[in-house]
Amino acid sequence: MFAAQAIDISDKAAFYRDLAKQLKALLEGEHDSIANAANTAALIFQMVPDLNWAGFYFLASDEELVLGPFQGKPACVRIAVGQGVCGTAVELGTSMLIKDVHDFPGHIACDAASRSELVVLLEDEEGVFGVLDLDSPLPGRFDSADQAGIEALAAIYVAASSFQD
Ligand code: SME
């Protein structure tokens, strides 16, 4: 049985280094991309404070993201590339760190409680194929240290998993 170990978050870089080790241990020996996404979302939701949603969207085509494994309230299933924070991340090919979602035109509110959002890309040698999305009920919850830490976790998830075209 895998039991996540509590980590002190006062040093965010150290927190995410430790969480990365735990994620590697959790995914070790398993390549199923859905199972690994489910456990990655569960670990993040359990360990990262002040989240109300954590999960995956995968590109179903060049134009559309479809909901993957997540923790939190039920969410919108399909997001067009270029729409919302997730679709904008894919269109621009960059992570999105939104301090206040009320200030982001086109933000898609799956949970009215969400106030800040961090979206990082899932990418392999063939390019971007999805996003990992975190929401918080606290405005300004995420900073560049969270972005770097979550990008590292997304990379661990991609490296551990097999994806079929
Ligand atoms: N807020 C996202 C939609 C997904 S939910 O937050 C789970 C967006 O604007 O793309």
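Each ligand, and each atom within it, is numbered from 1 in the order the structure gives. Hydrogens, waters and symmetry mates play no part in the numbers below; they use all other heavy atoms, side chains included. Index from 1, following the sequence.
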| message | Test your reading of the model: is there a side-chain donor-acceptor pair from S136 to the backbone of L51, 3.5 Å cut-off? | response | no
| said: Show the atoms of ligand 1 that are less than 4.0 angstrom away from any heavy atom in W53. | reply: 7 (C)
| remark: of all protein heavy atoms, closest to atom 6 (O) of ligand 1 is D135 OD2, 2.6 Å
| Is the distance between the ring centroids of F45 and F70 less than 6.0 Å? | no
| field | C110 and ligand 1 - part of the residue with a heavy-atom distance under 4.0 Å | value | side chain
| remark: protein heavy-atom neighbour closest to atom 3 (C) of ligand 1 works out as I108 O, 3.5 Å
| query | Between D111 and ligand 1, which residue portion shows a heavy-atom distance shorter than 4.0 Å: side chain, backbone, both, or neither? | reply | neither
| query | What do we get for V119 next to ligand 1 when only non-hydrogen atoms under 4.0 Å count, side chain, backbone, both or neither? | reply | neither
| remark: The answer for which part of F104 has a heavy atom under 4.0 Å from ligand 1 is neither
| field | For H107, atoms of ligand 1 separated by under 4.0 Å from a heavy atom | value | 1 (N), 9 (O)
| C86 neighbourhood, listing ligand 1 atoms whose heavy-atom distance to it stays under 4.0 Å | 8 (C), 10 (O)
| remark: the protein heavy atom lying closest to atom 2 (C) of ligand 1 turns out to be E117 OE2, 3.1 Å
| query | Does a salt bridge link D135 with R141, judged by any charged N lying under 4.0 Å from a carboxylate O? | reply | no
| Would a distance-only check, ignoring hydrogens and angles, find a side-chain to backbone donor-acceptor pair under 3.5 Å from S33 to F163? | no
| request: Answer yes or no: does atom NZ of K12 have more than 12 heavy-atom neighbours from other residues, nucleotides or ligands under 6.0 Å? | output: yes
| message | Tell me whether ligand 1 is touched by F70 - counting only heavy atoms on the residue side and a distance under 4.0 Å. | response | no
| said: Apply side chain to side chain contact (heavy atoms under 4.5 Å, CB included) to residues I108 and I79 and explain how you reach the verdict. | reply: CA-CA 9 Å; I108 300 165; I79 298 176; 3.8 Å; yes
| query | Considering residues at least two apart in sequence or located in another chain, which fulfil the ring pair (Phe, Tyr, Trp, His ring centres under 6.0 Å) criterion with F15? | reply | none
| Can you list the atoms of ligand 1 that are under 4.0 Å from a heavy atom of D133? | 4 (C), 5 (S), 6 (O), 7 (C)
| R78 side chain near Y57 side chain, heavy-atom distance below 4.5 Å | no
| Within the distance-only criterion (no hydrogens, no angle test), does the side chain of H31 pair as donor or acceptor with the backbone N or O of A160 below 3.5 angstrom? | yes
| Tell me, which protein residue and heavy-atom name are nearest atom 8 (C) of ligand 1, and how many Å apart are they? | V85 N, 3.2 Å
